[in-house]
Amino acid sequence: MDKIILSAKGINKSFHDPVTIPILKDINFDITKGDFVSIIGKSGCGKSTLLYILSTMDTDYEGTLTIDNAAMRGLKEADLAKVRNEKIGFVFQFHYLLNEFSVLRNVMLPGLKLGKYSEQEVEHRAIEKLKILGINDEALKKPNQLSGGQKQRVAIARAMINDPLIIMGDEPTGNLDKKNSVIVFDIFKELAHSYQQTLLIVTHDQEFAASTDRIIEMEDGRIISDHSKARV
Amino acid sequence: MNIKLIADIAKSLLIARWKQTLVAAVGVTFSITMFITLLSFMSGLNEMLDNLILNRSPHIKLFNEIKASKVQPIELTKEYKGSHHFIRSIKPGAVRLELHNVRSIINTLKNDPAVLGLAPKITTQVFYNVGAIDLTGVINGIDVEAENKLFKFNDYVTEGNYMDLKNIPNSIILGKAAADKMLAKIGDVVQVTSPNGERTPLKVVGLFQSGLVDIDKVQSYASLSTAQKLLGKPNTYITDINIKLKDINQAPALAKSYGVLFNVDAEDIQTTNSQFETGSSVRTTISYAVGITLLIVAGFGIYNILNMMIYEKMDSIAILKATGFSGSDVKRVFVGIALSIGIFGGLAGLLFGFLMSAGIDQIPFNTASLPTIKTYPINYNPKFYLIGGVFSIITTYLAGLFPARKASKIDPVVIIRGK
Ligand SMILES: Nc1ncnc2c1ncn2[C@@H]1O[C@H](COP(=O)(O)OP(=O)(O)OP(=O)(O)O)[C@@H](O)[C@H]1O
Ligand SMILES: [Mg+2]
């Protein structure tokens, strides 16, 4: 059995705005190292909400979240930030690159924050990541000089910089056209298969979901199915 | 590593908004410049005005005041001794202006460790006889050397040599205004009549200007021995002893004890010149108030700019937090921006403030009443630069702290959901 790196037990979440509406109901699942998981479900069923909880950014929930064998409940804001920095890479629908910095610097920032490697090493690693994503030629440009697809690839490189345990994506191709979406999906597949990167991707794309190893389907805040394909 | 990274992020945000940042920094620079200039100039003026008085005023003056006798004759009668008396129309008694036992007083004072120095003096009313008319005047008989050492006598002798007063017998230094009235020049001889009616010719060896024309109209100086001769008194005749202390703040206490010890009237400088202290402190307070007000206004400028920057940079703050920067990291970034505005703006302000006061220092300021002052007075006290620097950092820090705290509390989920 492979190592469990993320485990959600009995996660419940409600919004109180102004009446209490339960959004997530008794979510339970584990993710093992190397898993390539997609989450699908109708709009509004709570996928993003779940991802924000799993990524430690949202702390207002019931249940237990364990990442890398450490309980997240009770950790201070700064400690959670450290967990995100070290163990989680996140790719959003929007790229959220900082226009004040070059592409390379954007990728480097979380690495510099981690402080595990020297600045030169972080830079070297950032270039490596950009190479994997095929955009190392754009390294010195400013983000606003890139196309939408390129920006999203930079965002993926940024998520990869600290070699996280898991990369989470919330509709990472939501803002992209078909062609760029395919490129981004292919990158995820390559990361999963060639680099054994653990991935948890929320998507509306059935075709992409079908190509992942495991599909979690949600409806109305519950997991209604959790299928793993036999690994090839 | 972390600090360097935070500084780097702060720098990049700052450069991306360099125009607004510059405006904020110029605000700080302007206020610090004004603060420094104002305080240097004001305290320069204060110092000059204070010196006008302090340089020439004794810290303690010993003399015999003309006043009513403390013990009235009725007290000496057997029947009414010790009763409470209501007496009307008391007149001052015949007081000898001369100090008793001058030598022993002087010796005691010279051995007193609190005393810096003393200058004996004779003050007497005279008439200057000019042709057919007599002008009233006052002659101060002084110990020329002591007077110069303690009260900078030479600074006010505008024409002639002050030492001639000692070296040439029967000489006088006239107030400039009095000399003008008498049409007297250096080398002339003026006739002076003493209170006991004796007329003495005195040679004019110099002119002095005190800064107060009314004084210059009546006062003149002669040596102690000339004054004693003029009055027909022996060389122990002294009416005043002017004392300078090592510490001016001891004057009131010491004046009291000398008064009792020597059985004379003793007046301290704080009592005689209280209005100057008040004037100085009011002017200083106003300067500080104006300077600090300017700084606070500049602080609001910084506050606004940071608020705007944070509003524009919501996304960046959200992603920094999502990728592992903590709230305090974000706070440090914005406090760092505020502080760099404060430090650079403040340093420039200190420099410009120095240049501006140096400029004012060059402006000619000639006034007949202040012979030693040639340009506007400036006080280059490093204290002002220290206060200005510290205040610019404190105000910008506070101005940055509140927006920075707001930024640190931004919830990335709210921002990311909103996209
Ligand atoms: N701040 C909030 N206050 C109240 N309700 C909220 C809030 N945020 C989200 N919701 C509700 O929670 C539910 C789940 O939202 P969520 O964004 O997780 O859906 P989703 O599955 O990601 O949908 P989509 O596929 O459209 O992105 C929705 O019904 C939404 O209206
Ligand atoms: Mg969503």
Side-chain angles (χ1 to χ4, degrees), chain A residues 15 48-49 51-53 55-60 75-102 105-119 122 142-143 155 158-162 164 168 170-171 174-175, chain B residues 1-21 305-306 308-337 340 404-419:
Chain A
F15 282 112
S48 297
T49 310
L51 224 52
Y52 297 141
I53 291 172
S55 67
T56 78
M57 285 193 285
D58 188 351
T59 51
D60 180 21
L75 287 190
K76 291 205 186 64
E77 185 257 5
D79 298 324
L80 291 175
K82 217 171 151 203
V83 170
R84 288 199 291 278
N85 185 235
E86 207 179 331
K87 297 180 175 161
I88 302 171
F90 218 120
V91 184
F92 303 98
Q93 195 168 341
F94 183 72
H95 56 79
Y96 290 106
L97 297 174
L98 276 61
N99 284 324
E100 289 83 6
F101 293 96
S102 69
R105 197 84 187 155
N106 264 286
V107 176
M108 286 167 69
L109 278 179
L112 294 172
K113 168 66 195 168
L114 183 64
K116 192 166 143 195
Y117 302 102
S118 74
E119 188 162 340
V122 173
K142 287 281 155 78
R158 178 178 60 194
M160 288 161 63
I161 186 70
N162 288 337
M168 302 184 191
D170 189 4
E171 297 178 47
N175 276 343
Chain B
M1 192 62 200
N2 213 347
I3 295 285
K4 196 170 154 264
L5 178 61
I6 301 271
D8 187 47
I9 295 173
K11 197 179 94 195
S12 302
L13 290 178
L14 219 144
I15 289 169
R17 285 275 160 276
W18 69 270
K19 273 186 198 157
Q20 282 115 304
T21 325
I305 283 164
L306 279 184
M308 220 161 70
M309 214 182 245
I310 286 162
Y311 191 76
E312 283 174 6
K313 292 290 157 219
M314 288 285 198
D315 285 359
S316 304
I317 294 166
I319 193 65
L320 284 175
K321 288 190 138 187
T323 56
F325 287 80
S326 64
S328 55
D329 290 335
V330 172
K331 189 166 108 185
R332 276 188 224 128
V333 167
F334 286 93
V335 167
I337 290 174
S340 19
R405 286 221 321 240
K406 201 166 90 184
S408 77
K409 293 208 179 89
I410 286 175
D411 182 355
V413 173
V414 172
I415 307 294
I416 289 163
R417 217 182 245 295
K419 274 278 164 185

Mark yes or no for whether Glu77(A), through its side chain, and Ser326(B), through its backbone, hold a donor-acceptor pair below 3.5 Å.
no
Quick check: closest heavy atoms across Phe94(A) and Asp315(B), and the distance to 0.1 Å?
CE2-OD2, 4.1 Å
Phe15(A) CZ: over 12 foreign heavy atoms closer than 6.0 Å:
yes
Show the nearest heavy-atom pair for residues Ala16(B) and Glu100(A), with the distance to one decimal.
CB-CG, 3.4 Å
Roughly how far, to the nearest 0.5 Å, is CG of Leu51(A) from CD1 of Ile416(B)?
10.5 Å
If I take atom OG from residue Ser316(B) and atom CG from residue Asn99(A), how far apart are they, to the nearest 0.5 angstrom?
7.5 Å
What's the shortest heavy-atom distance between Ala322(B) and Met57(A), and which atoms?
CB-SD, 3.6 Å
Which bit of Thr49(A) is near chain B, if near means a heavy-atom gap under 4.5 Å: side chain, backbone, both or neither?
both
Is it the backbone or the side chain of Phe101(A) that comes under 4.5 Å from a heavy atom of chain B, or both, or neither?
side chain
The reported gap from NZ in Lys321(B) to CZ in Arg84(A) (rounded to nearest 0.5 angstrom) is 8.0 Å
Apply the test side chain to side chain contact (heavy atoms under 4.5 Å, CB included) to residues Asn85(A) and Phe325(B): give CA-CA distance (whole Å), side-chain angles for both, the deciding distance (0.1 Å), then the verdict.
CA-CA 7 Å; Asn85(A) 185 235; Phe325(B) 287 80; 5.7 Å; no
Atom CD1 in Ile415(B), atom CZ in Phe92(A): separation rounded to 0.5 Å?
11.5 Å
Tested for side chain to side chain contact (heavy atoms under 4.5 Å, CB included) against Leu109(A), the lone hit among Thr323(B), Ile9(B), Ile319(B) is Ile9(B)
Chain A heavy atoms under 4.5 Å from Asp329(B): which part of the residue, side chain, backbone, both or neither?
side chain
Could you state the interatomic distance from CG (Leu114(A)) to CG (Leu5(B)), rounded to the nearest 0.5 Å?
11.0 Å
Kindly compute the distance separating CG (Asn2(B)) from CG (Leu112(A)), expressed to the nearest 0.5 Å.
10.0 Å
Are more than 12 heavy atoms, taken from residues, nucleotides or ligands other than Lys313(B), located less than 6.0 Å from that residue's NZ atom?
yes
Is it the side chain or the backbone of Leu320(B) that comes within 4.5 Å of chain A heavy atoms, both, or neither?
side chain
Per-residue tally against chain B (heavy atom, under 4.5 Å) across Arg105(A), Arg158(A), Lys113(A) peaks at Lys113(A)
